[in-house]
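Here is the structure we will look at.
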Amino acid sequence: AGKVRRATESEEFDLANYDQARCDELAKAAFSEPLPLSQMVRLSFVVGGGKLVRQKYTDDLPKLFMGSLTAVGYVDDSAAAVEPGSAGKFKYQHDTGKNLKFVHVFPRIGGAGGGEEVGEAGEEEEEEREQTPEEILIGCEFDEFKELVTDRLPTYGQKKRLLDVLKTRISNLETIEGKMTRLEKLSAEEQVMFDGAGVEDVREKAKHVSSELQAMAEAGSLTLAEKTALLEQLESRVAAMEAEIKKAEDEGKQKRAQALTQQLETVRQTRATVKECSPVSLPPLRHAAEIGKLHMKLAEIAKIEKEKKGSYTVAELTRIGERPEMEEAISVLKERSRGWLESDEVFQERFHACLRKAASSVPKKPSGGGYGGGGGSRPGTASSGGWSTATGGARVAKSKASGPPTRNAFAALG
């Protein structure tokens, strides 16, 4: 239920092995109160499927879960969509493309239908909606923090940036405590910081992230860029520690020298492991499949324009007219795919990898090779460390001359 309530965009959840009691518990915990969101999302729950997954779901699971939703005040509406008017509704879908059965939930959201009350509490709700990933990670409970680190920060680089954030917060809190000891007045910003997570809580989180980083280094779970940066850092650390050991020995501080020597050996072992490891690939974009399909449709339009040079059929003009919506849809999906604490450089690298993979899916006339589906595995079939959560089962519609242009581009945004 916690993951459901933390959703900030349309996502997919698996109800494998759920029974009546677990369905009731999930519905009550996740949907009894409005979700703190500013816009409608679709939360899709897998409740059945074909032969490959059928054993994980009971035949009556769709009915059980929809009954649990009804019990907390939700209404079955086959016309429900991602729009404010569908708040508090759900619908069943058998996605024959994925061969999966879904119950799509359109939750009540903070401020939905609140009228004047929303205006009165606008500032407070806006503050909650605008929480940054850094604020969420610093302010949450430790157990939730560990889950978020695993789900939202799969790469070494993301965890390293989080550790830097936590160290900065610790330093700031120590400064604030010093001012309070001296009975000095705190600024408004310092007061807000002091009223939040305490320094010991932040230290505990920093310790956990440090352990996670060490484990990733020892396991060699590093991209090429991360490996290069870490090796430079370890080389500098080795040089600095060797200098400290020499200084301690010169000053006759044998215990300190021995302790530093043990630490140095650990650092050297880590350095050797990192040197030998083979770089791993970056995780795919969360919406790689949808972006890939739209990108290939744009490529097809560009090909039409190049070959026809203005002499278009009505069907071709219709496809060309869909381009603005497709470009906007890609822009939205791209932004939704950005990871927490992810650098712009790494994000652009993942985005371009997505486009390259989509391009490679085009069958070549001589061999017919390439990846299927324009961007990798189908949404929802793998977690990839928190990056590939699906967006509910809607597929980008195939471009047709008779179809509405907006639906072609924005089906992926449902």
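In this structure, the separation between CG on L69 and CG on D76 is 9.5 Å, given to the nearest 0.5 Å.
Of the possible polar contacts, one joining the E226 side chain to the G157 backbone as a donor-acceptor pair under 3.5 Å is found. Between the side chain of K205 and the backbone N or O of I138 there is at least one donor-acceptor pair closer than 3.5 Å. A donor-acceptor distance shorter than 3.5 angstrom exists from the side chain of K91 to the backbone of A80, with no hydrogens or angles considered. At distances below 3.5 Å, at least one donor-acceptor pair connects side-chain atoms of R350 with backbone N or O atoms of P283. Remark: the backbone N or O of A206 is paired with a side-chain donor or acceptor of S210 at under 3.5 angstrom. For T273 (side chain) and E218 (main-chain N/O), no donor-acceptor pair under 3.5 Å exists by modelled atom type. Side chain of R5 to main chain of E33: a donor-acceptor pair is present (N/O by atom type, distance under 3.5 Å, no hydrogens or angles). The backbone N or O of R42 lies less than 3.5 Å from a partner atom in the side chain of S10, making a donor-acceptor pair. Between the side chain of S343 and the backbone N or O of V346, at least one donor-acceptor pair lies under 3.5 Å. The main-chain N or O of E342 is found under 3.5 Å from a side-chain atom of R161 such that the two form a donor-acceptor pair.
For the salt bridge (charged side-chain N to carboxylate O under 4.0 Å, His left out) test, no residue two or more places apart in sequence or in another chain qualifies with K159. For D14, the side chain to side chain contact (heavy atoms under 4.5 Å, CB included) partners two or more places apart in sequence, or in a different chain, are A16, V46, K56, Y57.
Enclosure of atom CD in E177 by more than 12 non-hydrogen atoms of other residues, nucleotides or ligands within 6.0 angstrom is indicated. Shown here is Q214, whose CD atom has more than 12 heavy atoms of other residues, nucleotides or ligands within 6.0 Å.
In this pair, F142 and H208 present their aromatic rings perpendicular. The plane angle is above 60°, beyond the 30 to 60° band.
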Run the numbers on E147 and R6 for salt bridge (Lys or Arg N to Asp or Glu O under 4.0 Å), then give the verdict.
CA-CA 11 Å; E147 290 184 10; R6 287 196 301 271; 3.5 Å; yes

From CA spacing to verdict: salt bridge (Lys or Arg N to Asp or Glu O under 4.0 Å), R286, E9
CA-CA 11 Å; R286 174 173 293 185; E9 59 186 37; 2.9 Å; yes

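Taking the charged nitrogens against the carboxylate oxygens, E290 and R336 have no contact shorter than 4.0 Å, which rules out a salt bridge.
Counted by atom type alone, D24 and Q20 present one or more donor-acceptor pairs between their side chains at under 3.5 Å.
Within the 6.0 Å centre-distance limit, the rings of F65 and F45 are counted as a close aromatic pair.
Of the residues listed (L166, V165, L341), the one engaging L137 in a side chain to side chain contact (heavy atoms under 4.5 Å, CB included) is L341, and it is the only one.
A cation-pi arrangement is present between R108 and Y74 under the rule of less than 6.0 angstrom and at most 45 degrees off the ring axis.
Counting only heavy atoms from C-beta outward, the side chains of L162 and F145 approach each other to under 4.5 Å.
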